[in-house]
Amino acid sequence: MSEERKAPEKSLDFIREIIREDLSSGKHASIHTRFPPEPNGHLHIGHAKSIALNFGVAEEYGGLCNLRFDDTNPMKEDESYVRAIENDVRWLGFDWQEREYHASDYFGKLYGFALELIDKGLAYVCSLSEEEIRATRGTVTEAGRPSPDRERPAEESRRLLEEMRRGDHAEGDYTLRAKIDMASSNMKMRDPLIYRIRRVSHHRSGNAWSIYPMYDFAHCLSDALEGITHSLCTLEFENNRELYDWFVEHTSVEARPRQIEFARLNLNYTVMSKRKLLELVRDGHVSGWDDPRMPTIAGLRRRGVPPTAIRAFCEKVGVARRESVVDVALLESVIREQLNHDAPRHMAVLDPLKVVITNYPEDGEEELEAVINPEQPELGKRKVPFSRELYIEREDFLEDPPKKFFRLAPGREVRLRYAYFLTCEEVVKDAEGRVTELRCSYDPATRGGDAPDGRKVKATLHWVSAKHALPATVRLIDRLFRVENPNAVEEGGSFLDHLNPDALQVLAEARVEPALAGREPGWRCQFERLGYFSVDPDSGEKPVFNRIVSLKDSWARVKNQRR
Ligand code: ATP
Ligand code: MG
């Protein structure tokens, strides 16, 4: 009858193993996960791993995945972040199908659970300040000291909590604490806070509340209220699991979600802490959350990275319990692989040097056929205009070339891609001795790029026709930090000390093939020999291209040379 639900073929990670076991043992008839961002910043590629995991397993095992905003800290949260996060998750290709929830929607229910704990003698209103609570919590080797209010009668705690909620007390006057165990070996279990007074307005609940629940209380109970079966989170929450279970256990909530921790994604040459990303934006080290140098989803999108590449990267990285740092070169290679498949090829010259072909007719011009792969015409089969004056890349010419430089030099012949063989006859310079123009000759018999007499050249250059080419701005984007681990700083230093000042290079004099006029922002292509590029939303009359990734891993080459 019904076809048995098949797990994916590939070997399963430990989370998928658990889920498969829970389904086959009948512990759960179906699974339910959630992605729980706090709307206090934009998502980064680390979040993409969590998104891909939560939505991914739900999809693979026929379950559901909620998008839940963990909005219990109104001081740092904002509606604009909610919109941005929704947009990013959708762009990555995941769909929460109306199941968007907010912890703030549960404020009433959470309050009810707190009263329940008070009535059971499992919570009390404490008059110690937050500093005093910290100071009396003890250490790993020493038990904490009980609050003087630990035995406060339930009625009194109830009354005080109600007053706190109404706004009768000032911030810091009271907190609500769980009554668990001041000697627990797990510090999180030493009478943790449940509510604190914060007389601030919330972006959703407005001024309805003068108290806000702590993460440890709100998160597990929100999971339970939504019927989450597997609550997947990163390893730093391992010690919170005991408390997670305690709150679920001691309140009347029905479901029993299971928290499972996995290693967060760390990438070298970047930072992933929201606090640090916020600092980069706020202090103007980057142009915004969507600066193409940023590891944010918005930054990667702006840069031109396709969402499929981010998903493929997350899959490649996999899910494990061991902390590791992933080389950003892996991300770049996944992006490259993806674009190699479907990005059309074009020519652009980033730093133009003029070439005049002295034996080409003054007003002559022609269209040359450019084909990358006859089987795949969509990869840039096109006509490219050719004329007497061209631009080539300045770095493709050297007047006095060293031994291994095979590109253009005085007296040397090279191939112009799709066009002709070209020989440099004369170098024109300005007063400062800078090369301003090359006077060259071409061989009309080599049309299409091959010599009928079989003679060979050692280099093929890209070029554009000077009178046809389109002026463009090109942004070359490199790693935001110069060092592998920008988080490691010396005493008194800051991660900002490691910023790479050359991470963004703007080339305003670039020229591109005329076929590239009027492309939409986000459109991607390969500029032959230069890398993969995408049209930036800043484009106007003059297009702006961002380099998504270079063609080869130039970084690894530099690194190897240094060794
Ligand atoms: P904060 O410091 O504000 O808590 P956060 O990065 O933990 O920052 P959240 O909005 O709480 O931000 O994260 C939402 C979810 O994404 C959480 O479940 C968290 O565990 C997960 N997550 C965050 N960073 C990573 C990462 N680098 N790799 C994998 N998952 C992550
Ligand atoms: Mg968090």
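This chain uses plain numbering: 1 for the first residue, then up along the sequence. Just so it is clear, the values below take in all heavy atoms, side chains as well, and ignore hydrogens, waters and symmetry mates. We count ligands from 1, going down the list as the structure has it; atoms in each ligand are counted the same way.
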Chemist: Considering the heavy atoms of Glu38, write down every atom of ligand 1 situated less than 4.0 Å from one of them.
Modeler: 9 (P), 10 (O)

Chemist: Do the numbers put Arg311 on top of the ring of Phe94, so that NZ or CZ is under 6.0 Å from the six-membered ring centre and no more than 45° off the axis?
Modeler: yes

Chemist: In terms of atom number and element, which parts of ligand 1 are under 4.0 angstrom from non-hydrogen atoms of Ser50?
Modeler: 16 (O), 21 (C), 30 (N)

Chemist: Hey, are Asp95 and Arg90 close enough for a salt bridge, meaning a charged N less than 4.0 Å from a carboxylate O?
Modeler: no

Chemist: Taking heavy atoms and a distance under 4.0 Å, where does His44 meet ligand 1: side chain, backbone, both or neither?
Modeler: side chain

Chemist: What atoms of ligand 1 come within less than 4.0 Å of a heavy atom belonging to Thr234?
Modeler: 19 (C), 20 (O), 29 (C), 30 (N), 31 (C)

Chemist: Pick one of side chain, backbone, both or neither for how Asn40 approaches ligand 1, counting any non-hydrogen atom pair under 4.0 Å.
Modeler: side chain

Chemist: Based purely on interatomic distance, does Gly46 place a nitrogen or oxygen under 3.5 Å from a nitrogen or oxygen of ligand 1?
Modeler: yes

Chemist: Going by the closest heavy atom to atom 23 (C) of ligand 1, which one wins out of His219, His47, Glu261, Lys274?
Modeler: His47

Chemist: Using the ring of each side chain (for Trp, its six-membered ring), is His230 parallel, tilted or perpendicular to His28, with breaks at 30° and 60°?
Modeler: perpendicular

Chemist: Please determine which of Arg68, His32, Arg258 meets the side-chain hydrogen bond (donor to acceptor under 3.5 Å, both in side chains) test together with Asp223.
Modeler: Arg68

Chemist: Would you say the side chains of Ser210 and Arg166 form a donor-acceptor pair under 3.5 Å?
Modeler: no

Chemist: If the plane angle is over 60° it's perpendicular, under 30° parallel, otherwise tilted; pick one for Tyr81 and His42.
Modeler: perpendicular

Chemist: Determine whether the side chain, the backbone, both or neither of Pro36 has a heavy atom under 4.0 Å from any heavy atom of ligand 1.
Modeler: both

